[in-house]
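Below, read A as the first sequence line, B as the second, and so on, with proteins coming before strands; counting in each chain starts at 1. When reading the values below, keep in mind they use all heavy atoms of this one structure, side chains included, and skip hydrogens, waters and symmetry mates.
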Amino acid sequence: VTARTVWLASYPKSGNTWLRAVCTAWLNEGPVDLNALVGTPIAASRDHFDVALGIPSSSMTPEEIDLVRPRVDELIAAEAAEPHLRKIHDAYLEGPAGEPIVSVPATRAAVYVIRDPRDVAVSYAHGRGMSLERAQRHLNNPEAALSADDERLHAQLRQRLGTWSQHVRSWVDDTPFPVEVVRYEDFVAAPVETFGRALRSLGLADVDERRVDEAVARAAFERLRQAERDYGFHERVPGGADFFRRGEAGSWRDELPAKLAAQIRQEHGEVMARFGYD
Amino acid sequence: VRETLVPVELPGAAERGPLIEASRDAVLLRVPGVGRFLVEAKDPVLVERATGATAADICCFRNGPIAAAAALLRGKVAFRAAAVAIGGRAVVLCGASAVGKSALAAALAQRGHPVLADAVAVISGLDQEGVPTVEPLAPDVVLWPDSVQELGLRSECGRRVRPGLAKRAYSIGPDPVASPLAAVAILRAEENRTEPAFDPLEGASKLRALMAVCWHLRLVEPLGRSAAQFRSLAHLTRATPCVRVVRPRRGASPMLLAELVEKLAA
């Protein structure tokens, strides 16, 4: 097994797509194609799983799938160029056999994008067409997962998230490979420096400031929002608002009721303080 | 299928994947929580159940990867696809997982067309450049609750295929018989698309598209089938229309697509 995979990990609505857009601009000429971002398909892609293994995941239970997901990572890494960037929203948790959800031997490193959970809650509510109260409860639900209901066959496999705090800790503490933590707020405040640090940690060569500046400009939030309006974005959740909405740091101050903000602070205060969210 | 002891590993395997191993004349499938299946060119398929697995668990894989492995060993082509017969001629419905192949097959069955296959479509008659023919595999269509509701079926009329899964099998439409292949339709969902549309494929892009929908291509070489498989697909490329059916990512009902596929078959 070759350690080629670099995970682009985050809780949903935390800046993962923005990071991938900058990576795409860094690696390619011309305008950023939102529907062909590097790092896709996501680690939980059902089709990738089915093609790699030859056994349809639709006939397996989520627990059976979790047992073999690390093997899929290894197959994909073996056939990929280096570094192999892959988006992931799963928390770094153990599967039914006690093995992490991603293959450790196939992993070289990870970049973890973190965002103030109060902004995450607002963005999550808009992106999924749910109330702010429900989004706040979701961030504090240890059983929270994506694509988890069995009413339909989802294009993505079940992804366990845990609470927002659990998700952060799972990737940041005691992970057996290097993890570079980048804050969404620093993407906004100091984009060239922060994206440059992320690009370097991904193992992309020749990360010089001028080229980072140029890639950041081509993946500027306004351009991504316009690209979504012009061509659509296949990662938008059905029933939700546009994927690219405000792209600001701290917009929770005028969108999140004080009671919910206080609740999030109470539930996640310890991890928030660690990352400067006061 | 006969229940007996099945080895954990396949002796002399040239391909050792996480769940599937293959030698020149056998394929071993290991499905966690279900069991091990040994498939050879001739029946029966040998099965050893995992602890706690039921007969339904075993059956759930019979018309999918087990049938596909058997087809490859017998010199046929297996697509990850559903198939229906329209006017006595088969249309194979391919596409990525969860794109809506089974729901479309069920909608066509509701319009009176027999279902030839759901998870895997087996094409025979490709050797000696014969008439490509789709074999009847599974007259039942397996649907998830959202499709059951959308198609107006009654949940209780479906048969649970595995105890741990919410999907159910439905017998809809007439009994199928082997049918000459009329067309291959590759389903694709796209953003910003308001209506479904056809996009015919030709030449190299057609061959690439057909290769992409083959079941578990990585087994072809270890089974010594590379040249024969390529000849079969090249023959299929020449002999059969192949169309990409692009549908809106949201809001394209299986019934609407079924009407479109009927036109394609005509």
Residue from A/P62, A/P56, A/S58 scoring the most non-hydrogen pairs under 4.5 Å with chain B is A/S58

Just do the side-chain contact (heavy atoms from CB on, under 4.5 Å) check on B/Q110 and B/V141 with the steps written out, would you? CA-CA 11 Å; B/Q110 287 181 315; B/V141 193; over 6 Å; no

Where on B/A119 is there a heavy atom nearer than 4.5 Å to chain A: the side chain, the backbone, both, or neither? neither

Any side-chain heavy atom of B/I20 sitting closer than 4.5 Å to one from B/V27? yes

Residues B/R49, B/D57: salt bridge by 4.0 Å N-O rule: no

Should we say atom CZ of B/R74 is surrounded by more than 12 heavy atoms from elsewhere, each under 6.0 Å from it? yes

Within 6.0 Å of CD in A/E133, more than 12 heavy atoms from elsewhere: yes

As an exercise, state the distance from SG of B/C214 to CZ of B/R80, rounded to the nearest 0.5 Å. 10.5 Å

For the residue pair A/N16 / A/S14, report whether a side-chain donor-acceptor contact shorter than 3.5 Å exists. no

Just by distance, no angles: are the side chains of A/R20 and A/T17 close enough, under 3.5 Å, to form a donor-acceptor pair? yes

Can you tell me how far the CG atom of B/L143 sits from the OG atom of B/S102, to the nearest 0.5 Å? 6.5 Å

So, are A/E222 and A/R225 salt-bridged, with charged N and O less than 4.0 Å apart? yes

What verdict does the side-chain contact (heavy atoms from CB on, under 4.5 Å) test give for B/F79 and B/L210, after you've listed the backbone C-alpha separation in whole Å, the side-chain angles of each residue and the deciding distance to 0.1 Å? CA-CA 8 Å; B/F79 287 138; B/L210 291 173; 4.1 Å; yes

Report which part of B/L29 has an atom under 4.5 Å of a heavy atom belonging to chain A: side chain, backbone, both, or neither. side chain

Hey, could you give me the CH2/CZ distance between A/W26 and A/F195, rounded to the nearest 0.5 Å? 13.0 Å

Report, by ascending residue number, the residues of residues 69-108 of chain A in heavy-atom contact with chain B at a distance under 4.5 Å; give 'none' if the set is empty. A/R71, A/L75, A/E79

Contacting moiety of B/R193, where chain A heavy atoms sit under 4.5 Å: neither

When A/V51, A/V68, A/D230, A/L53 are compared by non-hydrogen pairs under 4.5 Å with chain B, the top option: A/L53

Chain B interface, residue from A/E151, A/R46, A/E63, A/H154 that has the most non-hydrogen pairs under 4.5 Å: A/E151

Partner chain B: residue of A/G54, A/S45, A/A52, A/G232 with the largest heavy-atom pair count (under 4.5 Å): A/G54

Can you tell me how far the CZ atom of A/R229 sits from the CG atom of A/L34, to the nearest 0.5 Å? 12.0 Å

Neighbours of chain A found in residues 155-170 of chain B - heavy atoms under 4.5 Å: B/R162, B/G164, B/L165, B/A166, B/K167

